[in-house]
Visitor: 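For reference, the structure I am asking about is given below.
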Amino acid sequence: MVSIVSLQGVVALLGRFPALAGADLEVGESEIVLVQGPNGAGKSTLLRVCAGLLRIEAGWAEVLGHDLVTDRAAVRRSVGLLGHDTALYDDLTVEENLRFWARASRVEDDAVPAALDRLGVAERLRDVSVRNLSAGQRRRTALAAVVVRRPHLWLLDEPHSGLDQSGRDLIDQVILDAAAAGATVMLASHELDRTLDLATRHLTVAGGAITSDERGSRNPGGHDAA
Amino acid sequence: MTNPPIDLPAHTGSRTTRLLGVAVLVGVVTMILLGFFVAPEDDLMADSVRMIFVHVPSAILTYVAFSVTAIGSVMWLWKRSVWWDIVAHSSAEIGVIFCGLTLITGSIWGRPTWNTYWEWGDVRLVTTLILFVLMVGYLAVRSMDGDESAVATRASVVGIIAAVNIPIINRSVEWWADRTLHQQSSITDGKLEDWTLFTMFLGIVVSGVFYTWAMTHRFRIAWLERELRDGDLGEAIAARRAEAAASGGVS
Amino acid sequence: MTHLGYLIAGWGITLGALGIYAFRLAVRGRTLAARVPVERRRWMTAEDDS
Amino acid sequence: MLRDVWLIATKDLQIEWRSRVTFSQVGPFAGLVLVLFGFALDANRPVLLQATSGLFWVTVMFVSTLAVQRSTSIETTDGARRALLLAGIEPAAVFVGKSIAVAVQLLVVEIVLLAGVVVLYSAHVEAWGLVFATCLVATVGIAAAGTLLGALVAGVRARETVLPILLLPVLAPVLIGATRAFDDALGSVAVDGWSWLGLLAGFGVINVVLGALSYGVLLEET
């Protein structure tokens with residue numbers, strides 16, 4: 001199995017608070033990993049560490065073959081992170097935002113219309129300023145920006161929040177397609193009823209460490225085991 | 001740590017700092033005696049020349065202190081050394097005091113000698129004022145909210161910006177004023193009497209010793225503050241892991 | 001002595017300000033040190049012991 | 001690298017073109033300054049003419065703090081800073097791109113101000129070449145120092161007060177140098193204006209280099 005994420009005893013600080021206090025994790029190709037746990041457990045920090053955004057205070061970590069201790073910037077271009085904020089510019093239109101982020105990430109911006117279609121962002125909305133979008137439309141646009149990048153590792157923090165039923169279904173499908181295409185997905189979520197079936201693995205995070213790690217009902221890269 | 005040290009004092013002093021402190025006190029008394037009774041009056045400035053004994057040492061220590069801050073800033077960015085970060089912060093705080101004193105004594109001295117409290121045409125005065133504002137800005141950045149290492153990084157960049165820009169500020173003021181009232185290096189042109197020179201250098205030494213004393217105490221205070229605020233990282237990690245254990249045991 | 005007023009002001013402010021700062025440092029050090037457990041007052045054991 | 005610089009600069013300018021946030025703050029402010037000083041000093045036209053160049057550059061200084069604040073808040077309001085890191089753009093390219101956008105906006109303000117002083121104060125420009133060269137070189141320095149310090153206070157509560165405290169003293173050489181060069185160009189004081197351009201250029205180079213080197217650590221930290 002090719003190792004995509006490999007953490008050993010990782011400690012990461014927010015200020016001086018050890019948000020991760022010795023996390024160990026191995027994630028392989030095409031896995032869909034659900035990260036669950038109470039608020040403040042360290043889920044978002046775990047995703048940010050995997051994205052190469054946080055300094056690693058102690059321990060060892062490798063993501064997509066990049067050593068995060070010595071050079072955490074190198075991995076960034078290959079991951080897609082959907083965080084709590086959507087990283088969209090209010091005064092640009094939906095399409096302009098996506099084209100900007102595509103060019104910034106050095107991918108072709110021809111993929112932009114297709115990605116917007118994929119996320120069900122209606123044609124009439126594309127020339128609207130992001131400022132005028134609803135929270136759900138904004139979230140879809142942000143996820144479209146991740147889709148455009150075609151990342152090898154998807155890091156989704158509460159991807160379902162603020163979305164209607166069709167939006168949630170759409171996100172599940174996007175995640176499944178990504179995994180089927182060989183990407184690895186880690187998603188932090190509280191919506192267990194929805195995500196438990198989706199994931200190939202269930203991690204529980206508490207106190208800045210991974211406290212349980214179970215196989216899910218779905219096999220990596222394959223279809224329903226049931 | 002087998003024998004716990006007995007009777008540790010609850011203050012930031014030590015034998016060394018007490019020695020330094022005594023040296024400063026002796027130095028100050030000597031300065032007053034030499035400055036007011038031994039050093040002769042100046043032909044031009046009469047007794048007002050005795051202001052030099054507090055003004056010049058303050059000015060020199062200002063630049064020493066801010067140079068240390070600049071070095072500490074570089075070392076923080078380069079090595080992420082907390083030790084240097086505290087040094088930079090402590091030195092800036094003491095430097096601002098010396099800088100303020102330089103401006104105040106300078107302008108008090110300016111009144112009898114130049115007949116004005118403030119002379120915009122004077123290069124060093126104006127540069128020192130700008131430096132003062134910059135370092136107040138440095139301390140303002142220090143007191144901003146945000147996590148500790150972010151604050152240290154922001155402050156370090158300010159320290160470096162100030163250090164890099166001060167020469168060009170000085171240059172610009174120099175050209176702009178195109179004249180300066182300041183004593184054209186009164187130290188080297190031999191116009192000062194021997195005792196005046198000696199007392200001034202003694203003043204620099206005494207201020208330097210005071211700076212060392214204050215730095216030591218200020219450093220230890222900053223260290224204690226960190227200890228109180230963060231505790232030990234190892235303990236924090238242990239506490240964090242205990243949360244995990246409480247919620248179901250580590251796999 | 002000429003300019004005595006100016007001199008007293010200049011010297012007084014300098015010594016006064018530095019004195020007050022030194023005093024405040026010492027007081028702050030004492031209050032803080034009292035609140036930190038003995039084993040974490042590092043310099044006392046590491047550098048020199050009085 | 002150049003491609004990224006262009007991308008960032010056009011993005012910031014496009015945002016300003018759409019929203020006109022900076023312009024709507026700065027326009028009335030600059031107009032007000034011109035008119036108020038006109039009232040205050042008009043009884044004495046020679047004094048007004050003498051003060052023109054200083055007035056011009058003091059206004060530009062204040063405008064620059066507004067422009068920099070806006071330029072910074074574009075990236076901080078919705079976490080775009082983090083996204084820029086993830087996109088893998090060189091921080092130096094972000095710095096240069098944002099500086100260019102700020103500089104272009106400042107240049108527009110300067111042209112408007114220039115028209116203002118010519119019309120309202122009847123300032124007589126003797127050397128247009130010197131005026132434009134000064135604006136260009138001074139603005140590069142202002143934009144670079146401003147963009148760097150803007151990133152430094154980004155996302156902090158007291159940023160509106162801290163930014164001017166830091167930026168204005170750093171800009172002192174620009175204020176002095178550009179004012180002197182304008183004095184020459186407007187014929188109000190007999191100095192050699194071109195010699196001041198060297199100082200302005202030096203300031204620009206130093207602060208562009210400083211910004212390009214340190215923008216990255218600031219972007220990473222927050």
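Side-chain atoms are counted along with the backbone in the values below, which use heavy atoms only and exclude waters and symmetry mates. Convention: sequence-line order gives letters A, B, ...; per-chain numbering from 1. All values derive from a computational prediction rather than experimental measurement.
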Visitor: What part of A/Val75 lies closer than 4.5 angstrom to a heavy atom of chain D: side chain, backbone, both or neither?
Guide: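 For A/Val75, neither part sits under 4.5 Å from chain D.
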Visitor: So with a 6.0 Å cut-off around CH2 of D/Trp17, is the heavy-atom count from everything else above 12?
Guide: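 Open: at most 12 neighbouring heavy atoms sit under 6.0 Å from CH2 of D/Trp17.
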Visitor: Does A/Phe17 CZ have over 12 foreign heavy atoms under 6.0 Å away?
Guide: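 It does: A/Phe17 CZ has more than 12 such atoms within range.
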Visitor: At a heavy-atom distance under 4.5 Å, which candidate from D/Val21, D/Ile74, D/Thr77, D/Leu84 has the highest pair count against chain A?
Guide: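 Max contact count across the listed options: D/Leu84.
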Visitor: Using non-hydrogen atoms and a limit below 4.5 Å, what part of residues 107-143 of chain A faces chain D?
Guide: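 Counting heavy atoms that sit under 4.5 Å from chain D, the residues of residues 107-143 of chain A involved are A/Arg138.
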Visitor: Rounded to the nearest 0.5 Å, what separates atom CG in A/Leu53 from atom CG in D/Leu86?
Guide: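 Reported to 0.5 Å precision, the distance equals 4.5 Å.
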Visitor: When you look at D/Arg82 and A/Arg48, which way does the side-chain contact (heavy atoms from CB on, under 4.5 Å) test go after all the steps?
Guide: CA-CA 10 Å; D/Arg82 185 185 296 170; A/Arg48 285 178 62 195; 3.7 Å; yes
Visitor: Could you name each residue pair satisfying ring pair (Phe, Tyr, Trp, His ring centres under 6.0 Å) that touches residues 54-105 of chain D, not counting sequence neighbours?
Guide: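 Non-adjacent pairs meeting ring pair (Phe, Tyr, Trp, His ring centres under 6.0 Å): D/Phe56-D/Phe182, D/Trp57-D/Phe182, D/Phe95-D/Tyr215.
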Visitor: For the pair A/Arg76 (side chain) and D/Gly88 (backbone), establish whether a donor and an acceptor sit closer than 3.5 Å, ignoring hydrogens and angles.
Guide: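 No, A/Arg76 side chain to D/Gly88 backbone: no donor-acceptor pair under 3.5 Å.
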Visitor: Scan for salt bridge (Lys or Arg N to Asp or Glu O under 4.0 Å) pairs involving residues 95-119 of chain D, sequence neighbours excluded, and state none if there are none.
Guide: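 Listed once each, the pairs are D/Asp12-D/Lys98, D/Glu75-D/Lys98.
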Visitor: Just to be sure I understand the criterion: a residue of residues 81-105 of chain A counts if one of its heavy atoms is under 4.5 Å from a heavy atom of chain D. Which ones qualify?
Guide: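 Against chain D, the residues of residues 81-105 of chain A that fall inside the cut-off (heavy atoms, under 4.5 Å) are A/Leu81, A/Asp85, A/Thr86, A/Ala87, A/Leu88, A/Tyr89, A/Asp91, A/Leu92, A/Thr93, A/Glu96, A/Phe100, A/Trp101, A/Arg103, A/Ala104, A/Ser105.
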Visitor: Taking everything shown except D/Arg3 itself, do over 12 heavy atoms lie less than 6.0 Å from its CZ?
Guide: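 Enclosed.
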